[in-house]
Amino acid sequence: MKKLMVILFGLLPSLVMASGGGVTLDKANNDLTDKASLQNGAKLFVNYCLACHSAQYQRYNRVAKDLGIPEDLMLENMMFDPEAKIGDLMVSALPQEEAAKWFGAPPPDLTLVARVRGTDWLYTYLRSFYVDASRPFGVNNTVFPSVGMPHVLEELQGVPTAVYETEMVDGVEHKVIVDISTDGSGELSTGEYDKAVLDLVNFLEYSGDPSKLERQSIGWWVMGFLVIFAIVSVLLKKEYWRDVH
């Protein structure tokens, strides 16, 4: 029992982090059947995430097949290493030891991040960066305070600035972030940026469980078979026992 309590208390920090640390999370409402969204999410991932973060349990050719991307287009537009092959794993070229020195810790693999964090957490997190000159990379995050990564999507969103309000807690004034605004310098409007983030989250959810839709489809066929089998079994039972009764 004592060991169990130690394990549970050890998991508490990670559970709090996964829930968003008390921050209200926005609903992602992503759609794994939307191939256009998944394709754009894959493009955003390789252009903005793969430089530091790997998806080491995913292969380029599997992504191409599942998302309906021709392999020649995948090789030409989404694989930047001239020596890479279509069957390679999606591994970042960033040396992990050097990354640990630069960022304080190696950037985590993102293959299963949507399953660990949840899509709502990711969707909110990627839209919650704001300028903070006290941080090493000049930004902070309301969902993940003291975040140790730069805002890699800033060129799409623009420079995000926190909007504060003052509230009283036990007679003491505290500044609270109530919104995040951008300066309009990004390539995308606010709505377009939210959609781009949603596409990226959609791809990350697919990446964490590529067979999810296929498994669910097979599940419905299995349930249908069991229903039909049950009906046939009942009818056979009645037929066999008709003379007895």
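Just so you know, these numbers come straight off a predicted model, no measurement behind them.
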Derivation and outcome, side chain to side chain contact (heavy atoms under 4.5 Å, CB included), residues Tyr164 and Val176:
CA-CA 5 Å; Tyr164 293 89; Val176 179; over 6 Å; no
What verdict does the side chain to side chain contact (heavy atoms under 4.5 Å, CB included) test give for Leu94 and Phe103, after you've listed the backbone C-alpha separation in whole Å, the side-chain angles of each residue and the deciding distance to 0.1 Å?
CA-CA 12 Å; Leu94 183 68; Phe103 299 105; 4.1 Å; yes
Could you walk me through whether Leu32 and Asn202 pass the side chain to side chain contact (heavy atoms under 4.5 Å, CB included) test, one step at a time?
CA-CA 6 Å; Leu32 290 175; Asn202 206 19; 3.5 Å; yes
Going through the distances and angles, do Leu44 and Asn40 end up as a side chain to side chain contact (heavy atoms under 4.5 Å, CB included)?
CA-CA 6 Å; Leu44 291 169; Asn40 189 48; 3.8 Å; yes
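Looking at Arg135 and Val147, their side chains never come closer than 4.5 Å, going by heavy atoms from C-beta outward. Here the side chains of Arg215 and Asp209 are in contact, with some heavy-atom distance below 4.5 Å. Taking 4.5 Å as the limit, every side-chain heavy atom of His53 sits out of range of all side-chain heavy atoms of Ser92. Between Arg117 and Tyr125, the closest side-chain pair of non-hydrogen atoms is not below 4.5 Å. Residues Tyr206 and Gln58 are in side-chain contact: their nearest non-hydrogen atoms beyond the backbone lie under 4.5 Å apart. Residues Ile180 and Thr161 fail the side-chain proximity criterion, which asks for heavy atoms closer than 4.5 Å. By the 4.5 Å heavy-atom criterion applied to side chains, Leu200 and Leu122 are not counted as neighbours.
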Show me, pair by pair, the donor-acceptor contacts under 3.5 angstrom made by side chains of residues 67-85, not counting sequence neighbours?
residue: Asn77; atom: ND2; partner: Leu73; partner atom: O; Å: 3.4
residue: Asp81; atom: OD1; partner: Glu83; partner atom: N; Å: 3.0

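Both Val152 and Met90 belong to a single network of hydrophobic side chains, linked directly or stepwise wherever heavy atoms of I, L, V, M, F, W or Y lie under 4.5 Å apart. Under a hydrophobic clustering in which Ile, Leu, Val, Met, Phe, Trp and Tyr are joined whenever their side-chain heavy atoms come within less than 4.5 Å, directly or via other members, Leu204 and Leu112 fall into different clusters. Val131 and Leu126 fall into different hydrophobic clusters, defined by Ile, Leu, Val, Met, Phe, Trp and Tyr side-chain heavy atoms under 4.5 Å apart, directly or through other members. Under a hydrophobic-cluster definition in which Ile, Leu, Val, Met, Phe, Trp and Tyr are linked whenever side-chain heavy atoms come within less than 4.5 Å, directly or via other members, Val227 and Leu235 are assigned to the same cluster. The cluster map of Ile, Leu, Val, Met, Phe, Trp and Tyr, joined by side-chain heavy atoms under 4.5 Å apart, puts Val222 and Phe225 in the same cluster.
A distance-only check finds a donor-acceptor pair linking the side chain of Glu192 to the backbone of Ser189 [under 3.5 Å]. In this structure a side-chain-to-backbone donor-acceptor pair under 3.5 Å is missing from Ser54 to Gln56. Not one N or O on the side chain of Asn140 forms a donor-acceptor pair closer than 3.5 Å with the backbone of Pro145.
The shortest heavy-atom contact between Val197 and Tyr123 is CG1-CD1, 3.7 Å. Counting all heavy atoms, side chain and backbone alike, Val63 lies closest to Ala42 at CG1-CB, 4.5 Å. Pro107 and Gln96 make their closest contact through O-OE1, 3.9 Å (heavy atoms, listed as atom of the first residue, atom of the second, distance). In plain terms, the two heavy atoms of Phe45 and Ala55 that are nearest each other are CZ-CB, 3.8 Å. For Asp66 against Pro210, the heavy-atom pair with the smallest separation is OD2-CB, 4.0 Å. Nearest heavy-atom pair, Asp199 versus Ser37, reported as atom, atom and distance to 0.1 Å: OD1-OG, 2.6 Å.
Between atom CE of residue Met149 and atom SG of residue Cys52 there is a gap of 7.5 Å, rounded to the nearest 0.5 Å. Here the straight-line distance linking atom CD1 of Ile231 with atom CG of Leu236 works out to 12.0 Å at 0.5 Å rounding. With rounding to the nearest 0.5 Å, the separation of CG in Leu110 from OH in Tyr57 is 12.0 Å. The CZ atom of Arg127 sits 9.5 Å away from the OG1 atom of Thr142 when rounded to the nearest 0.5 Å. Rounded to the nearest 0.5 angstrom, Leu38 CG and Phe203 CZ are separated by 8.5 Å. To the nearest 0.5 Å, atoms CZ (Phe129) and CG (Asn141) are separated by 5.0 Å.
A salt bridge does not link Asp88 to Arg59: none of the charged nitrogens lies less than 4.0 Å from a carboxylate oxygen. Classification of Lys212 and Glu205 as a salt-bridged pair holds, one side-chain N sitting under 4.0 Å from a carboxylate O.
Geometric assessment of Arg62 against the ring of Tyr60 yields a negative cation-pi assignment under the 6.0 Å and 45° thresholds.
The only option from Val163, Val139, Ile177 that meets the side-chain contact (heavy atoms from CB on, under 4.5 Å) definition with Tyr130 turns out to be Ile177.
Ring geometry for His151 against Tyr193 counts as perpendicular: the plane angle is over 60°, on a 0 to 90° scale with 30° as the lower cut.
The salt bridge (charged side-chain N to carboxylate O under 4.0 Å, His left out) analysis of residues 27-50, with sequence neighbours excluded, yields the pairs Lys27-Asp120.
Heavy-atom contacts from other residues, nucleotides or ligands closer than 6.0 Å to CD of Glu165 number 12 or fewer.
Listed by chain and number, the residues in a side chain to side chain donor-acceptor pair (under 3.5 Å) with Tyr48 are Glu155 (sequence neighbours excluded).
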